[in-house]
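In what follows, every heavy atom counts, from backbone to side chain, and hydrogens, waters and symmetry copies are set aside. The first residue of the sequence shown is numbered 1, and numbering continues consecutively from there.
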Amino acid sequence: MKPETPDARPPAPAFPLPQPRHAARLPAGLAPEDWARVRQAAHALPQVLVPADFDDGSDEMLDRLGCIQISRAAGGGRPSRWILPQHIAVALAQLEATPQTNTLRPQLQQRMAQLEGLGLRREGLVFTRLCVHPITLAHEGWRIDLSHRVPVPEEPVWAFFRDGDAHALRAALGQAPEYSYTAELTLHLNHLIARSEAMGHASQLASLLPRLQAECGVPMPYQDLKAALTRAQDRWEQQVEEQDTLASLGRELAFQGYPDSFDAARKLGRKVTLYLGPPNSGKTYSAFERLAQALDGAYLAPLRLLALEGRDRLVARGVPCSLLTGEENVPADGARVVSSTIEMVNTRDTIDVAVIDEAQMIFDDSRGWAWTQAIVGVPARELIIIASSYAAPAIERLLLLCGEKPEKRVFERKQQVQLMPAPVPMTHLHAGDAVVAFSRRDVLMLRDQIAQSGHVVSVIYGALPPEVRRREAERFAVGASDVLVATDAIGMGLNLPIRRVLFSTLTKFDGVGDRELSVSEVHQIAGRAGRYGMHDEGFVSVLKEAEADAMKTLRSLLPKEPRAPRDFKCPVAPNWRHVQTISQRLGVNSLHQVLTVFMQQLRLDDAHFEVAELEQMLGLAEMLDRNAGALSLQERFRYAQAPVDDRLPQVVEQFQAWAASHARTGKAGTPWFLDDVDEHSRLDRMEQALRQCTLWLWLDLRFPDVFGHVEAVIDLRGRLNDGIERHLKGKKPLWQRRGR
């Protein structure tokens, strides 16, 4: 409604106004005391306007509408306040009806809420009413409730603010008017639904109705509504096509029959034997005896250290053997066998015999996918799988999905491990004892404390490079050291002359929090005691310095049999074929997007398989898409599988810089760490630099002619290994030094 034309009266000094020229807009006959009442109650009067009531949101717009400014904006977010000249009389009537200013604001809020409940609200200068009308459509009698707003006269609304009589307000407003475009809108909706029916996805058509209803539930001009409904149908159509594509992707990628995606292995009719038993039962020895007789073959180890040990075992039997790990490829002349880490498994070329070690690691959250892939995909005429007995049912189910029924050889432990009657004080350690801790800091602390008693100590923990771990193990094996302090790394296949295994604690930090050791962990570690051919018997206990209930916990865990996780499903990770297929079918070049589809949208065989934990790969993929997007999708996928320790920001930053330089120039640049550290640096700095060496060599193996500097990196790795060994063999305390 139009504001009254302001009169030409001269300014009235009796009326205090932020803008004196607005005095000409004041209604004739307005008393100064009445204006003072309006000003005093301006914060509560429903007739008063603020800039936020309008889309424009400016004082200038209110001025152009002919409003009178009551007060300026003030600090603390208080807005300027305005009123139309014709509403001053209405405001005074409101004050007459509610003379107590302190009750006016809560009353206003209550009646505004009542108006909202009746579908009424103020839009700028106009009150509108929400009207809802049902529209019946041709398809199966579908019904859509259409919402639209119509202007209403303001007089009944002002009366309601004064008296609160909702019945009188409804009577004054009368019946809601019909929608002006009902016929046109019905025709348009029927056309959209007919178009959707023609797509041939009858089972998904019901999901279109809520989308159309959502648009019709928001009042808007007819042309805008028509366009919004068309967009909603377009989005539905796109989603249906995407779901259809994803469903066909699931079939194409053979997740329902994951084993069938490994053609070479499926064509062989493999002979599979499970070598089952506890540690120190001769499983691995027997498997290597068979592998040594093979025409050609592969040993698949869980750790680089064990791949090195496997290579040496075969060479000692006169079998030429190559070495293949994440960061090195060392071919041997006339090699019949390759010893490799399990992630490096070759699923293309047929071999005579393959040995998969420590297959119970299929239960590992982060690396279990590698055992799934190897068990299903290695193309060996004869496959030997070494595992703890509790893993047998899960591995058998996986092999049955391949159409293969395995034979089983059960190995008994040569000597039983005996639980000692009491904890052992640190001062009562003997030659041949192994003390187990679960952090680098605790291992070094125990090393220092035990060395003070006159013992020569070897140490093994995860941050040590395999070469140093091996040297430390050899020192203990030949008697150059008499006590070993180690993490649970000793539970993974190391063949050591340990007589007593002593736990320093029965809890470990698992990346989330401290938890009690599992039954399988206790058995794996305790099983290192009393190695056959080295000691006549083996013992297990805890240190007296361990937590008070450690011995009780060990007594309860040791008699129990390890169990597989309940409702276990074999973890599956994407390979390049998966990534390429998803990218091509969906037209997506973002690695992060492709991996997200793999993880979240593709339906795996719910009964048998699930997506592996790929959070680190997803994080690297996002970084690579952002900073190295010029690389091909396949190159970014290779980078995303790199062994980047994301707990070390400096390593992550260097990895990111190498990939970005590769994308920009075709070269990774210089390995900066060559100048940052040498064999005389602190222990923690050398360990971190070795991670960078490993990462660089891993990348060089996958990107020939991009990284280079291999001889310098290998030389630094060797010098760092020597430096770390000197630290460990020295007499200086290590755990109290920086970087622990």
Carboxylate-amine/guanidinium contact Glu343 Arg304, below 4.0 Å: no

Pairwise side-chain contact, Leu716 with Cys693, heavy-atom cut-off 4.5 Å (strictly under): yes

ring-ring contact (aromatic ring centres under 6.0 Å, His included) involving His709 - partner list, sequence neighbours excluded: none

Phe438 and Phe503 aromatic ring geometry - parallel, tilted or perpendicular at 30°/60° bounds: parallel

Least distance between heavy atoms, Val457 atom then Glu472 atom: O-OE1, 4.4 Å

Residue pair Leu399 / Leu274, side-chain heavy-atom distance below 4.5 Å: yes

Sidechain-backbone polar pair: Ser339 side chain, Ala307 backbone, donor-acceptor under 3.5 Å: yes

Exam field: side chain Thr553 to backbone Asp549, donor-acceptor pair closer than 3.5 Å: yes

Closest approach of Leu268 to Pro379 (non-hydrogen atoms, all atoms of both residues): CD1-C, 3.3 Å

Side-chain touch Gln524/Ser388, heavy atoms, less than 4.5 angstrom: yes

Donor-acceptor pair between Gln656 and Gln654 side chains, under 3.5 angstrom: no

Set of residues satisfying ring-ring contact (aromatic ring centres under 6.0 Å, His included) with respect to Phe288, sequence neighbours excluded: Tyr299

Test item: Arg685 side-chain N/O and Asp676 main-chain N/O as donor-acceptor pair under 3.5 Å: yes

Which atom of Ser322 lies closest to which atom of Ala335, heavy atoms considered: OG-CB, 3.2 Å

Under 3.5 Å side-chain donor-acceptor pair for Glu382 and Thr273: no

Side-chain touch Val468/Tyr461, heavy atoms, less than 4.5 angstrom: no

Rounded distance [0.5 Å steps], CG in Leu300 versus CD in Glu358: 12.5 Å

ring-ring contact (aromatic ring centres under 6.0 Å, His included) partners of Trp369, counting only residues at least two apart: none

Short N-O contact, Glu521 and Arg515, less than 4.0 angstrom: yes

Ser590 versus Asp625, side-chain donor and acceptor atoms under 3.5 Å: yes

Validation row: Trp371, Gln360 side chains within 4.5 angstrom (heavy atoms): no

Atom of Gln616, atom of Val644 and distance for their closest heavy-atom approach: NE2-O, 2.7 Å

Gap separating the OG atom of Ser518 from the NE2 atom of His523, nearest 0.5 angstrom: 9.5 Å

Partner set under ring-ring contact (aromatic ring centres under 6.0 Å, His included) for Tyr275, not counting sequence neighbours: Phe411

Straight-line distance of Arg471 CZ to Glu725 CD, nearest 0.5 Å: 5.0 Å

Salt bridge (Lys or Arg N to Asp or Glu O under 4.0 Å) involving Arg311 - partner list, sequence neighbours excluded: none

Member of Phe673, Tyr639, Trp696 meeting the ring pair (Phe, Tyr, Trp, His ring centres under 6.0 Å) criterion with Phe655: Tyr639

Nearest non-hydrogen partners of Leu595 and Ala621, listed with the distance: CD1-CB, 3.8 Å

Non-neighbouring partners of Thr325 that pass side-chain hydrogen bond (donor to acceptor under 3.5 Å, both in side chains), sequence neighbours left out: Glu328

Under 3.5 Å donor-acceptor, Ser661 side chain and Ala657 backbone: no

Point-to-point distance, once rounded to the nearest 0.5 Å, from CD1 of Ile498 to CG of Leu496: 5.0 Å

Asp645 side, atom CG; Arg691 side, atom CZ - distance, nearest 0.5 Å: 5.0 Å

Contact check, side chains of Glu687 and Arg440, non-hydrogen atoms, under 4.5 Å: yes

CA sep, side-chain torsions, deciding dist, call: Tyr390, Val519, side-chain contact (heavy atoms from CB on, under 4.5 Å): CA-CA 11 Å; Tyr390 73 94; Val519 174; over 6 Å; no

N/O donor-acceptor pair under 3.5 Å between His592 side chain and Leu624 backbone: no

Non-neighbouring partners of Glu561 that pass side chain to side chain contact (heavy atoms under 4.5 Å, CB included), sequence neighbours left out: none

Arg367 vs Met361 side-chain heavy atoms within contact, under 4.5 Å: yes

Under 3.5 Å: donor-acceptor pair, side chain of His662, backbone of Phe707: no

More than 12 heavy atoms of other groups within 6.0 Å of Arg626 CZ: yes

Inter-residue atom distance Thr341.OG1 - Glu327.CD, 0.5 Å rounding: 8.0 Å

Test side chain to side chain contact (heavy atoms under 4.5 Å, CB included) applied to Ala663 - qualifying residues, sequence neighbours left out: Ala628, Ala630, Leu631

All side chain to side chain contact (heavy atoms under 4.5 Å, CB included) counterparts of Gln688, not counting sequence neighbours: Leu648, Gln650, Val651

Heavy-atom side-chain proximity of Asp442 to Met445 below 4.5 angstrom: yes

Val436 vs Arg528, side-chain contact (heavy atoms from CB on, under 4.5 Å): CA-CA, chis, key distance, verdict: CA-CA 11 Å; Val436 181; Arg528 298 297 116 188; over 6 Å; no

N/O donor-acceptor pair under 3.5 Å between Arg702 side chain and Ala642 backbone: no

side-chain hydrogen bond (donor to acceptor under 3.5 Å, both in side chains) against Asn721, all qualifying residues, sequence neighbours excluded: none

Partners passing salt bridge (Lys or Arg N to Asp or Glu O under 4.0 Å) against Glu404 (at least two apart in sequence or in another chain): Arg266, Arg270

N/O donor-acceptor pair under 3.5 Å between Asn329 side chain and Leu324 backbone: no

Any donor-acceptor N/O pair, Lys283 side chain to Ile386 backbone, under 3.5 Å: no

The single option from Glu635, Gln634, Arg636 passing side chain to side chain donor-acceptor pair (under 3.5 Å) against Ser632: Glu635

Worked check of side-chain contact (heavy atoms from CB on, under 4.5 Å) between Lys508 and Leu517: CA-CA 7 Å; Lys508 68 181 290 188; Leu517 296 182; 3.6 Å; yes

With sequence neighbours excluded, residues passing salt bridge (Lys or Arg N to Asp or Glu O under 4.0 Å) with Arg409: none

Main-chain N/O of Leu618 paired to Glu622 side chain as donor or acceptor, under 3.5 Å: no

